[in-house]
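Every chain is numbered from 1 and lettered A, B, ... according to where its sequence line falls, protein lines coming before strand lines.
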Number of protein chains: 2
Amino acid sequence: MSKHEHISMSVIRRLPRYYRFLSFLIESDVMRISSKELSEKMGITASQIRQDLNCFGGFGQQGYGYIVEDLQKAIGEILGLNNLKKTVVIGAGNIGRVVATHMIFENQGFKMIGIFDKNERLIGESIRGIRIDDSASLEKFCNENHPSVAALCIPKEDVPEIIDRLIALGIKAFWNFSHYDILVKYPDVAVENVHLNDSLMTLSYKSNDL
Amino acid sequence: MSKHEHISMSVIRRLPRYYRFLSFLIESDVMRISSKELSEKMGITASQIRQDLNCFGGFGQQGYGYIVEDLQKAIGEILGLNNLKKTVVIGAGNIGRVVATHMIFENQGFKMIGIFDKNERLIGESIRGIRIDDSASLEKFCNENHPSVAALCIPKEDVPEIIDRLIALGIKAFWNFSHYDILVKYPDVAVENVHLNDSLMTLSYKSNDL
DNA sequence: TAGATTGTTAATCGATTAACAATC
DNA sequence: TAGATTGTTAATCGATTAACAATC
């Protein structure tokens with residue numbers, strides 16, 4: 001997993017998509033597939049698929065193609081889905097609830113171990129068997145349970161303070177749903193900014209001339 | 001808006017981010033900014049900012065920089081935020097609720113005019129003053145109200161059928177939250193696939209070696 | 001063996017960065 | 001006018017596509 005140095009993010013961002021298509025093929029009992037067939041299903045070139053996969057080693061067989069199940073497993077391993085990362089959700093409002101309920105699953109490499117909010121009316125409720133706790137108790141919780149990932153589902157004005165606290169507590173990765181842009185200025189901290197608004201504005205642009 | 005031909009998606013996807021940073025600057029009463037200052041705040045090069053903006057015309061002034069408010073307005077116009085698009089939300093489950101409640105706002109160019117679900121227990125409820133209607137009545141509703149955008153918040157197995165129906169009813173743009181990849185095989189149909197799972201898997205990869 | 005399809009190198013294309021003349 | 005910063009062209013860099021030899 002760590003022997004593959006300098007893979008570009010363009011390649012990495014296609015891996016989950018490969019993983020998804022391969023999972024569909026498994027559901028449909030497809031055993032093997034060629035880069036050409038897959039390229040037609042996915043709407044990209046066969047060349048790109050082979051190029052991408054060969055960043056990580058030869059998963060295919062000349063004259064035959066790729067074994068779907070093996071390839072899916074291999075990509076899952078590259079993505080680290082089998083390595084469960086302890087995750088806390090910060091913010092139990094609407095978006096926090098969706099994230100806690102629908103997004104963080106163990107088959108994707110994340111195990112939710114805590115949910116936090118500063119709103120007293122939410123503290124004590126449970127989502128998927130996990131009690132919503134007071135944000136003030138984050139220090140105690142992290143020191144005891146050592147989560148490494150946080151999903152931020154809080155208003156932008158609360159983000160800068162909570163990031164500093166969480167980094168001090170050993171959080172290494174942020175899944176950021178707030179409207180605040182986390183710039184990766186800390187070494188060894190990973191960030192995924194989601195920004196659904198940006199996606200919607202992009203759709204607005206695309207639909208301008210239709 | 002339509003005189004700018006052939007702008008690459010790389011540029012377009014940066015526009016909402018410019019818009020967001022400029023909006024922050026307005027909130028902070030900053031009147032003017034140079035590409036250099038903005039580049040430092042955003043973590044990109046000044047050259048790229050100037051290159052991007054000049055796809056659409058000269059918004060700046062040599063020796064002075066850009067007037068924040070004017071530039072923000074101009075980008076909003078390029079994105080089409082001032083042109084309200086009638087939007088329906090398909091699916092009123094957890095994700096549909098978040099989209100209906102928090103995502104579709106008029107200051108972003110979209111006006112929600114309908115919410116639909118096939119689950120009888122949800123029909124009749126209201127979200128932001130709009131009644132959840134039976135998906136079966138989509139034909140009647142669209143023929144009367146002519147929405148042009150749909151946000152798809154339904155399970156993947158329901159997507160192919162609903163897309164065909166909605167395209168037949170004149171929907172031109174899809175904001176797709178389902179785990180189904182809408183490939184743009186129809187001309188004059190715009191699609192934004194969101195795929196939060198892909199984002200999470202990318203975070204998984206990034207956090208592998210920390 | 002012949003046919004198919006990969007792995008991989010080379011060619012092309014596009015996006016980003018650098019440089020500088022234009023100009024406020 | 002002098003200083004600053006844009007608009008824009010040229011150079012660089014990276015990503016995608018094409019081609020083909022290797023090989024199952």
Q. Side chain of A/Asn54: nearest nucleotide among D/dT17, C/dT6, C/dG7?
A. C/dG7
What I want to check is whether the side chains of [X] and [Y] have a donor and an acceptor closer together than 3.5 Å.
X        : Y        : result
B/Tyr186 : B/Asp164 : yes
A/Glu192 : B/Thr202 : no
A/Thr87  : A/Lys111 : no

Q. Any donor-acceptor pair under 3.5 Å between the side chain of A/Ser10 and the base of D/dA15?
A. no
Q. Within the modelled atom types, does a donor on one side and an acceptor on the other bring the side chain of A/Gln51 and the base of D/dT17 under 3.5 Å apart?
A. yes
Q: Ignoring hydrogens and angles, tell me if any N or O in the side chain of B/Arg17 forms a donor-acceptor pair with the backbone of A/Asp198 under 3.5 Å.
A: no
(Q) Is it the case that the side chain of A/Asp158 and the backbone of A/Ile154 share a donor-acceptor pair, with hydrogens and angles ignored and the cut-off at 3.5 Å? (A) no
Value in whole Å for how far the [atom2] atom of [N] lies from [atom1] of [X]:
X       : N      : atom1 : atom2 : answer
B/Leu38 : D/dG7  : CG    : P     : 13 Å
B/Lys36 : D/dG7  : NZ    : P     : 17 Å
B/Asp52 : D/dT6  : CG    : C1'   : 15 Å
A/Ile7  : D/dG14 : CD1   : P     : 14 Å
B/Ile49 : C/dA18 : CD1   : P     : 14 Å
A/Gln48 : C/dG7  : CD    : P     : 16 Å
A/Leu53 : C/dT6  : CG    : C1'   : 11 Å
A/Phe56 : C/dT8  : CZ    : C1'   : 16 Å

Q) So A/His179 and A/His195, would you call those rings parallel, tilted or perpendicular, with 30° and 60° as cut-offs? A) tilted
Q.
Under 3.5 Å for both donor-acceptor distances, Watson-Crick or wobble: does D/dA15 have a partner, and if so which one?
A. C/dT12
Q. With both distances kept under 3.5 Å, what pairs with C/dG3, Watson-Crick or G-U wobble?
A. D/dC24
(Q) Would you say CD of A/Glu69 has more than 12 non-hydrogen atoms from neighbouring residues, nucleotides or ligands within 6.0 angstrom? (A) no
Q. Is the number of heavy atoms from other residues, nucleotides or ligands within 6.0 Å of CE (A/Met31) greater than 12?
A. no
With a cut-off of less than 4.0 Å, is there a side-chain N or O of [X] near OP1 or OP2 of [N]?
X       : N      : answer
A/Thr45 : D/dT16 : no
B/Arg32 : D/dT6  : no
B/Ser8  : C/dA15 : yes
A/Arg50 : C/dG7  : no
A/Gln62 : D/dA22 : no

Q | Sub-4.0 Å heavy-atom contacts from residues 64-73 of chain B onto DNA chain C, ordered by number | A | none
Q: Hey, which sits more toward the 5' end of DNA chain D by its nearest nucleotide, B/Glu37 or B/Ser47?
A: B/Glu37
